[in-house]
Amino acid sequence: MELFTQLLTAAVASGTPLLFVTLGGIFIEKAGIIQLGAEGLMLMGAVTAAGVYLATSSLPVTLLAVLLVGGLLGLLHAFLTVTLRANQIVSGLALTLFGGGLSAYLGKAITGIPLSGAVPKFDFGVLGQVDLFTLSSLALVVVLQIAFFHTSFGLHLKAVGDNPATADVMGIRVQGMRYFAVIAGSMLMGLGGANLLMVFSPTWIEGMTTGRGWIAIALVIFARWNPLGALAACWFFGFLDTLGFRLQLAGSTVPPYFLKMLPYLLTIAVLILVGWRTQHRMSRAPQALGIPYIREQRF
Amino acid sequence: MNKYRLELDPSGRESPWWVTIVALLLAFSLVAVFILATGKNAATVYAKMLTGAFGTEFGLTETLVKAIPLMLCGLGVSLAYRIQVWNIGAEGQFVAGAMAATAITVYLPGLPAWSALPLMVLAGIASGALWGLFTALPKVLFGVNELIISLMLNYVALQALDFVVYGPWRDPAGKNFPGTPAFTAAESLPVWGNSRLHMGLLLALVAVVAAWVFVQKTRWGYELRLLGANSEAARHAGVNIKSYAVLVMLLSGGLAGLGGMAEVSGVAHRLLYGISPGYGYTAIIVAWIARLNPFGIVVSAVLFGGLIVGGYSVQTLGLPSSISNLLQGAVLFFLIAGSILGKVRVRRREAA
């Protein structure tokens, strides 16, 4: 029982940063835009959190700074893809490369300095201690689930992502909605990085996300663009990630390199499974995903 | 009402060449801001990078040494990008090639040069192509997004690399150094004079010409261009998109694998931990900046090779070498923005 609780706690701790990023990805893709910059946004979120917290020791200031950085980079992606209609895939890749380089550059001076006790924890009795990030991620799942499926905002967002021309005729501001979704979603991706740094592995190291941003993009598909699905997918993923780590601690004879491959192989397996299952059905993906919207298509 | 309006050039032609130059200048200006923010003189830093990369014979040959893997990986991904197959797995394909070439030296030791080198080249290409196939098959069979698969496979390849260099292939005489024993002279590509510049450059240039002939002069190349320009039209003309997706991933992976072989056999002379400082990712920008043109890739690979070498040379000024990664990302940003803005033109509104 003790071991089980420990395993579960570790699974949630590993899954929560992914959850922020996956929710951000769902938000953005619902509006019909692909954001492949998740890895770069996470790194920028993490380095911002580390730098600002070390300088100010203030959690609110740190979180605000992380949101600001995520929002600004999101604005950049939105400007390139929504206004300039640049290729969304290339813009996302650029964001990942830029974020990786910039975070390494900015974080050089604070590499290896540990942060501790930055995030308050709340005691929930039998459930143990739950940190602020985990609590807010749960609240976020509920809020987004309601917003996406039970409000007119969610309906409009779906219209913008599925059929922007119709949405435009209905009087929905397509470009505005897309800007909003990309900026808000990118903020969440930055928060995921901050979460990773402040709770999961509290020391800034260059490239510390090790592909988690990309895994989250895969989890968006696994979660079928549904916040509750994202919760299940991320915790499940965190569980398997933890399991590999525990096996290693327990003195498994399998070389650690193979255990470290597991999350990546698992992501591939999950994607193949989803692809195989939805092969002959209509995908739940927003139908206008990745296609820029041009109001007067004259050229 | 406004008398003028902005429109995209309807001809859909590529933006003019000077857009690339402007994008490069803007990227360097943006990064200059970051350099100034850390209290360094940006002009000094850039001058140091320039002389470090191109100013001396040593720097120049080092730049070319770095350009070789960038050329091969960039050429590889450019073929895939032509038909919107988003292979970002060149890093993993490069590592797979490096490992397979090393496997020849580990399991077939003592071969003479005439058989060792061709075998290593073949092993590198085959294993890179196989790694590419792992991305292509889920894509064509189950419609799985190739971007994510190819990236996940990068991490798998890197873990496999760590396993062999820390485990079974580690040099017993290497005092725990994570690397294989040094290759024999017969297993190493010939070098030019006293420099580290090796015959891989020749291989890369041959690959560039071959890629150009393939794309411009063969039926496959014609269908590839057709697919890239208008996949709908190509489908109606009976072009099988799926087999081309497999083909480009095989070629893409094979070229990156050859790059990995050239790196272990020509530069490192052994397989070691972290054999690639991210060549596979830089190659994406190399291909994009050259607009997927094979000869353009030669130029952009040398440019980015210089950027990497220049990045190392500013470390003496107390700046991290990650400055070259920062520059790479910024270049790509301005390039994509520029390629669109270059097409915008101002038109007078017609009177209603």
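Residue numbering restarts at 1 for every chain, and letters A, B, ... go by the order of the sequence lines.
One N or O on the side chain of B:Thr180 and one on the backbone of B:Leu271 form a donor-acceptor pair closer than 3.5 Å. Under a 3.5 Å cut-off, the side chain of A:Trp214 and the backbone N or O of B:Met152 do not form any donor-acceptor pair. The main-chain N or O of B:Ile35 is never found under 3.5 Å from a side-chain atom of B:Lys40 such that the two would form a donor-acceptor pair.
When all heavy atoms of B:Tyr279 and B:Leu70 are compared, the closest pair comes out as O-CD2, 3.7 Å. Considering every non-hydrogen atom in both B:Arg170 and B:Tyr166, the closest pair reads CZ-O, 3.5 Å. A pairwise comparison of heavy atoms in A:Trp204 and A:Ala50 identifies CB-CB, 4.0 Å as the closest pair. Minimum heavy-atom separation, B:Thr135 to B:Pro138: O-CD, 3.4 Å. The two atoms that bring A:Ile215 and A:Pro263 nearest to each other are CD1-CB, 4.2 Å, heavy atoms only. Here the shortest heavy-atom pairing between B:Gly253 and B:Gln93 reads CA-OE1, 3.6 Å.
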May I have the list of side-chain donor-acceptor pairs in residues 25-42 of chain A shorter than 3.5 Å, sequence neighbours left out?
| residue | atom | partner | partner atom | Å |
| --- | --- | --- | --- | --- |
| A:Glu29 | OE1 | A:Trp225 | NE1 | 2.8 |
| A:Gln35 | OE1 | A:Gly37 | N | 2.9 |
| A:Gln35 | NE2 | A:Ser186 | OG | 3.2 |
| A:Glu39 | OE1 | A:Arg212 | N | 3.4 |
| A:Glu39 | OE1 | A:Gly213 | N | 2.8 |
| A:Glu39 | OE2 | A:Thr209 | OG1 | 2.8 |
| A:Glu39 | OE2 | A:Gly211 | N | 2.8 |

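Heavy-atom distances place both the backbone and the side chain of B:Ile323 under 4.5 Å from chain A. Proximity to chain B is limited to the side chain of A:Ile89, based on heavy atoms less than 4.5 angstrom apart. The part of B:Ile285 that comes within reach of chain A is its side chain, from C-beta onward, which places non-hydrogen atoms under 4.5 angstrom from that chain. For a residue to count as touching a neighbouring chain, one of its non-hydrogen atoms must lie under 4.5 Å from one of that chain's; by this rule A:Phe258 touches chain B with the side chain only. Neither the backbone nor the side chain of B:Leu161 comes within contact range of chain A; no heavy atoms are under 4.5 Å apart. B:Phe134 does not touch chain A: none of its heavy atoms, backbone or side chain, sits under 4.5 Å away. There is no contact between B:Leu137 and chain A, counting heavy-atom distances below 4.5 Å.
Atom CD1 of residue B:Ile297 and atom SG of residue B:Cys73 lie 11.0 Å apart, to the nearest 0.5 angstrom. The CD1 atom of A:Ile217 lies 11.0 Å from the OG1 atom of A:Thr267; values are rounded to the nearest 0.5 Å. From B:Thr20, atom OG1 reaches atom CH2 of B:Trp288 across 12.5 Å, with rounding to the nearest 0.5 Å. Here CG of A:Leu80 is found 5.0 Å from CD1 of B:Ile336. Values are rounded to the nearest 0.5 Å. Here the straight-line distance linking atom CG of A:Leu271 with atom NZ of B:Lys139 works out to 12.5 Å at 0.5 Å rounding.
Within residues 91-108 of chain A, the residues having any heavy atom closer than 4.5 Å to a heavy atom of chain B are A:Ser91, A:Leu93, A:Ala94, A:Leu95, A:Leu97, A:Phe98, A:Gly101, A:Leu102, A:Ala104, A:Tyr105, A:Lys108, listed by residue number. Residues of residues 78-89 of chain B placed with any heavy atom under 4.5 Å of a heavy atom in chain A are listed by number as B:Trp86, B:Ile88. Residues of residues 308-317 of chain B having a heavy atom under 4.5 Å from any heavy atom of chain A: none.
Within a 6.0 Å radius of CZ in A:Phe236, other residues, nucleotides and ligands contribute 12 heavy atoms or fewer.
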Pair B:Glu91-B:Ser276, side chain to side chain donor-acceptor pair (under 3.5 Å): steps then yes or no
CA-CA 7 Å; B:Glu91 185 81 357; B:Ser276 166; 3.0 Å; yes

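The most heavy-atom pairs under 4.5 Å with chain B, out of A:Leu273, A:Thr210, A:Leu262, come from A:Thr210. Highest contact tally toward chain A, considering only B:Asn325, B:Val156, B:Leu141, is held by B:Val156 [criterion: heavy-atom pairs under 4.5 Å]. Top candidate by heavy-atom pairs under 4.5 Å with chain A, chosen from B:Leu147, B:Asn145, B:Ile284, is B:Leu147. Among B:Leu158, B:Ile149, B:Asp162, the residue with the largest count of heavy-atom pairs under 4.5 Å with chain A is B:Asp162. Ranking B:Ala160, B:Gly143, B:Pro320, B:Ser324 against chain A, the residue ahead of the rest is B:Pro320, based on heavy-atom pairs under 4.5 Å.
Looking at B:Gln328 and B:Thr282, their side chains do bring a donor and an acceptor atom within 3.5 Å of each other. A:Tyr264 and B:Asn154 form no side-chain donor-acceptor contact under 3.5 Å, judged by distance and modelled atom types alone.
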